[in-house]
2 protein chains.
Amino acid sequence: MNPTPVLSEFDRIAIVGLGLIGGSVARGLRAAGYAGHLVGAVTSDADAARAVALELVDTCHADIAAAVGPADLVVVATPPAELDEVLSEVAGVCPAHAVITDTGSSKTSVVEAAARAFDAAAMARFVPGHPIAGTENSGLEAGFATLFTARRVILTPDETTDPAALAAVEAMWSALGAQVSHMTAAHHDEVLAATSHLPHVLAYTLVDTLAAMAERTEIFAYAAGGFADFTRIASSDPALWRDIVKANRGPVLHTLDAYMAQLQDVRSAIASGDDHHLHDIFERAKTARDGFVLQREQNER
Amino acid sequence: MNPTPVLSEFDRIAIVGLGLIGGSVARGLRAAGYAGHLVGAVTSDADAARAVALELVDTCHADIAAAVGPADLVVVATPPAELDEVLSEVAGVCPAHAVITDTGSSKTSVVEAAARAFDAAAMARFVPGHPIAGTENSGLEAGFATLFTARRVILTPDETTDPAALAAVEAMWSALGAQVSHMTAAHHDEVLAATSHLPHVLAYTLVDTLAAMAERTEIFAYAAGGFADFTRIASSDPALWRDIVKANRGPVLHTLDAYMAQLQDVRSAIASGDDHHLHDIFERAKTARDGFVLQREQNER
């Protein structure tokens, strides 16, 4: 526990959605020493009771208005499919001074949804955000306080964003131990398609391909640690990832097409026995991946 | 340390190649209480000296004849590109009573190489084997005693294999803590193409695709744990994996083609907004992957 009061300018922080991300924001804020009131919004009374029993939040409602109505900071951490509806509800009840942010994995679609839901004043206080952190788990019990420690958070403000709102959201992520960066929503979506959305598509596709094979029982019985790591993300929530891919369709197709073209090239090299070309590709990949690991380790120090 | 003498019927075990696999066999045998002489064969005098200094083996040579000449059990753990030459050298110097095994990742190509190198008597004492274990590391310092603990080893004997030789190789892997299974070489190659060789091809191809993109610096800067896991195998030795893919070309192309067809189907579902189909694929994959994890956890208990 950190004895310094954090985010003391906010008497009440509302978190809409208490899955892996929302739950980790809640637990992280408490662990960081946030002393105000944490209120959650979930989809059922049963989940609301469980969220309080799990001590994720102080109070919890199956009603966005009840949670968001008196809030100073609203963190929308719902699945992408619910975003349009949730932002509309938030718009209807959110106090005029409240800062609003989200945690969605694609940002252009979120900005579009916010523009439909909010007037210009609320839009200025809306700071689109995306914490680059996660596990393959989901649900009320998936969150943990250190999920964002030393992880990156990308915010995608534009020229209409209120600097005070941006500073408040930055302060929240800093309190959670994250490193905050800014970029445009469009750029974010290209980068995330490449490093997150495409890998999920590839992992799901591989496991489904193998599961359809006659030898599937033995295939999985003899798979080792490399396979377990490679396919970990295929244990992620299918509905969530279908919706993330859908929300970021353009950039996902763009990177998928680049990948499929390169895979066709690799296939030709294997089929024709072009060892030199195959080695070049594998070696370039190893060099790039080793560089990524080194950079990651340096960031975490 | 296990005080019970293991493999005491072998006074001298020769390990040809002391990389990740050979080095782990050496360290594992010692940790299991093997009390006989461990001799290594490597490619240079400098490596031979280092292998002894690292206490991988008791003695080590840059000369296969010197290592294998007096051995009772010969474990060939060299990269696939060297296999033809190594087996020929082993055939020329191996004592008539010695049992011979290997650790290669593809088995049909190994059996073909062995058939070129060995006469019928030596072939009967040759037990093709493949431990399903590894890390992305390689070299003399990569091995560790527990690499094979609770891991599977596939042996691919045929009707000409001497049952006593088979039992000896089984005993060695059991001493290393592994679970031994048998199947045909052809079946092994299909299963391993699916769970190991194809994933390596896909991971290398992904990283190389991203490394060629204009945003590559940011792509890697904002990649998270899921990406690190998904691409871990792309840090494996490029020359080794080029040669493994080459040695198992038919099965690799077979599973790669199945994968590419499924990926084309997934691409169509994303492009056309067929949410239902995309969800089905992702959900089937999650179910299969969760089942794999459960089975793996049960095996390790």
Side-chain angles (χ1 to χ4, degrees), chain A residues 132-134 152 190-191 194-196 199 201-211 215 218-220 222-224 226-227 229-235 238-239 241-242 245-246 249 252-253 256 258-260 262-263 266-267 270-271 275 278-279 281-286 288-290 292 295, chain B residues 132-134 152 190-191 194-196 199 201-211 215 218-220 222-224 226-227 229-235 238-239 241-242 245-246 249 252-253 256 258-260 262-263 266-267 270-271 275 278-279 281-286 288-290 292 295:
Chain A
I132 316 293
R152 293 195 180 247
E190 286 289 339
V191 169
T195 54
S196 174
V201 168
L202 302 182
Y204 280 127
T205 302
L206 175 66
V207 177
D208 189 47
T209 301
L210 303 190
E215 312 91 336
E218 280 187 305
I219 283 172
F220 291 116
Y222 292 101
F227 183 79
D229 284 345
F230 188 72
T231 59
R232 175 158 299 120
I233 51 181
S235 282
W241 281 92
R242 173 202 60 199
V245 166
K246 184 179 176 181
R249 171 160 37 178
V252 168
L253 288 176
L256 177 55
Y259 179 76
M260 289 172 78
Q262 183 68 350
L263 194 56
V266 167
R267 193 208 179 281
I270 297 172
D275 292 353
L278 200 61
H279 184 261
I281 293 167
F282 286 8
E283 180 146 290
R284 280 200 308 261
K286 177 180 167 57
R289 206 268 171 187
D290 287 350
F292 155 70
Q295 190 180 35
Chain B
I132 315 294
R152 294 195 181 247
E190 285 290 340
V191 168
T195 54
S196 175
V201 168
L202 301 182
Y204 281 127
T205 302
L206 176 67
V207 177
D208 189 46
T209 301
L210 303 190
E215 312 91 336
E218 281 187 305
I219 283 172
F220 291 116
Y222 292 100
F227 183 80
D229 284 344
F230 188 72
T231 59
R232 175 159 298 119
I233 51 181
S235 282
W241 281 92
R242 173 203 59 198
V245 166
K246 184 180 176 181
R249 173 161 36 180
V252 168
L253 288 175
L256 177 56
Y259 179 76
M260 288 172 79
Q262 183 69 350
L263 194 57
V266 167
R267 193 209 179 280
I270 297 171
D275 293 353
L278 199 61
H279 185 261
I281 293 167
F282 287 7
E283 181 146 290
R284 281 200 308 261
K286 177 181 167 58
R289 205 267 171 187
D290 288 350
F292 155 70
Q295 191 180 32

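Numbers restart at 1 for each chain; the letters A, B, ... are given by sequence-line order, proteins then strands.
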Most contact-rich option vs chain B, by heavy-atom pairs under 4.5 angstrom, among A/D229, A/V207, A/D208, is A/D208
Do you know which of B/A288, B/G226, B/A223, B/S196 has the most heavy-atom pairs under 4.5 Å to chain A? B/A223
Looking at chain A, which one of B/V201, B/L278, B/L263, B/I132 has the largest number of heavy-atom pairs inside 4.5 Å, strictly under? B/L263
Region of A/L256 in contact with chain B, defined by heavy-atom distances below 4.5 Å: side chain
Heavy-atom pairs under 4.5 Å with chain A are the metric here; pick the option from B/F220, B/F227, B/Y259 that has the most. B/Y259
Residue part contacting chain B, namely of A/L202, when any heavy atom lies under 4.5 Å: both
At a heavy-atom separation under 4.5 Å, does B/I233 approach chain A through its side chain, its backbone, both, or neither? side chain
How many angstroms lie between CZ in A/F230 and CZ in B/R289, if you round to the nearest 0.5 Å? 12.0 Å
Options A/D290, A/L206, A/V191, ranked by heavy-atom pairs under 4.5 Å with chain B, top entry: A/L206
Relative to chain A, which of B/L253, B/V252, B/V266 shows the most heavy atom pairs under 4.5 Å? B/L253
Specify which of B/E283, B/E218, B/E190 makes the most heavy-atom pairs with chain A at under 4.5 Å. B/E218
Could you check which of B/T231, B/I281, B/L210, B/V245 has the highest count of heavy-atom pairs closer than 4.5 Å to chain A? B/T231
Just so I understand: if I count every heavy-atom pair under 4.5 Å between each of A/A133, A/A258, A/A211 and chain B, which residue has the most? A/A258
Look at A/Q262, A/R284, A/E215, A/R267 and state which one has the largest set of heavy-atom pairs under 4.5 Å with chain B. A/R267
Looking only at heavy atoms and a cut-off of under 4.5 Å, which of A/P238, A/P199, A/A239 has the most pairs with chain B? A/P238
Checking B/K246, B/R242, B/R249 against A/D275 for salt bridge (charged side-chain N to carboxylate O under 4.0 Å, His left out), the one that qualifies is B/K246
Give me the atom names and distance for the closest heavy-atom approach of B/T205 to B/T209. O-OG1, 2.6 Å
Residue, of A/A224, A/S235, A/G134, that accumulates the most heavy atom pairs under 4.5 Å with chain B: A/S235
Under 4.5 Å to a heavy atom of chain B? For A/R152 that would be side chain
